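To start, the structure under review is shown below, and the notes come after it.
The structure displayed is predicted, hence computed values, not measured ones. Reckoned from all heavy atoms, side chains included, excluding hydrogens, waters and symmetry mates.
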Amino acid sequence: MNIDEMLREAMAVEGAVGVSLVDYDSGMTLGAQGGNALLDLETAGAGNTEVVRAKLRTIAALQLDDAIEDILITLSKQYHIIRPLAEDKGTRMFLYLVLDRSRANLALARLHLRRVEQALIV
């Protein structure tokens with residue numbers, strides 16, 4: 001599955017508002033689908049790069065032998081899921097999915113993103 005196919009597949013999640021693939025070294029959005037006037041996926045991707053970097057620094061400082069599966073940000077009307085891709089694929093990227101909280105099933109969305117990640121060919 002290539003990047004465009006992966007983004008389309010991620011947008012198939014019930015309640016999806018937008019999705020992007022972001023390089024967390026540079027903060028650049030490599031691809032995006034969805035979004036709207038209230039959801040600028042490029043700005044959100046750049047901002048969430050700092051969230052990922054901060055969590056990685058914290059894990060290193062605590063000397064945890066662990067990795068981030070995903071980061072969930074819960075807003076009153078939305079869920080934001082940040083899912084770093086496995087570094088064994090040679091990437092330093094994350095998927096960023098925004099869901100309409102009133103229409104989304106969070107557990108199913110997380111499972112769906114995991115499957116999308118596993119099918120991605122970089």
Is [Y] reachable from [X] through a run of hydrophobic residues whose side-chain heavy atoms are each under 4.5 Å from the next?
X	Y	result
M28	V52	no
L111	Y96	no
L30	L95	yes
V116	V98	no
L99	L41	no

H112: which residues meet the ring pair (Phe, Tyr, Trp, His ring centres under 6.0 Å) condition with it, sequence neighbours left out?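 H112: no ring pair (Phe, Tyr, Trp, His ring centres under 6.0 Å) contacts found.
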Counterpart residues, ring pair (Phe, Tyr, Trp, His ring centres under 6.0 Å), relative to F94 (two or more places apart):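 By the ring pair (Phe, Tyr, Trp, His ring centres under 6.0 Å) rule, F94 matches no residue at all.
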Count the heavy atoms belonging to other residues, nucleotides or ligands that lie under 6.0 Å from CD of E69, then report whether that count exceeds 12.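 More than 12 heavy atoms, drawn from other residues, nucleotides or ligands, come within 6.0 Å of this atom.
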Once you round to the nearest 0.5 Å, how far does [atom1] of [X] lie from [atom2] of [Y]?
X	Y	atom1	atom2	answer
S20	M93	OG	CE	12.0 Å
R110	R115	CZ	CZ	13.0 Å
R57	L62	CZ	CG	12.5 Å

Which heavy atom of [X] sits nearest to which heavy atom of [Y], and what is that distance?
X	Y	value
G18	M11	CA-SD, 3.7 Å
V17	D100	CG2-N, 3.6 Å
R103	G15	NH2-CA, 3.5 Å
L7	A32	CD1-N, 3.4 Å
A10	V19	CB-CG2, 3.8 Å
P84	D70	CD-CA, 4.4 Å

4.5 Å side-chain heavy-atom contact, L106 and I81: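 Yes. Closest side-chain heavy atoms under 4.5 Å.
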Is the shortest heavy-atom distance from the side chain of I71 to the side chain of I68 under 4.5 Å?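 When only atoms from C-beta onward are counted, I68 and I71 do touch, with a gap below 4.5 Å.
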Can you tell me if [X] uses its side chain to pair, donor with acceptor, with the backbone of [Y] under 3.5 Å?
X	Y	value
R83	L97	no
R53	Y24	yes
N48	V51	no
E5	N2	yes
R101	L75	yes
T29	G31	no

Is the closest basic N to carboxylate O distance between R92 and D23 below 4.0 Å?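 The answer is no: the pair does not qualify as a salt bridge.
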Can you check side-chain contact (heavy atoms from CB on, under 4.5 Å) on L21 and M6, steps first, answer last? CA-CA 9 Å; L21 179 66; M6 179 210 52; 4.1 Å; yes
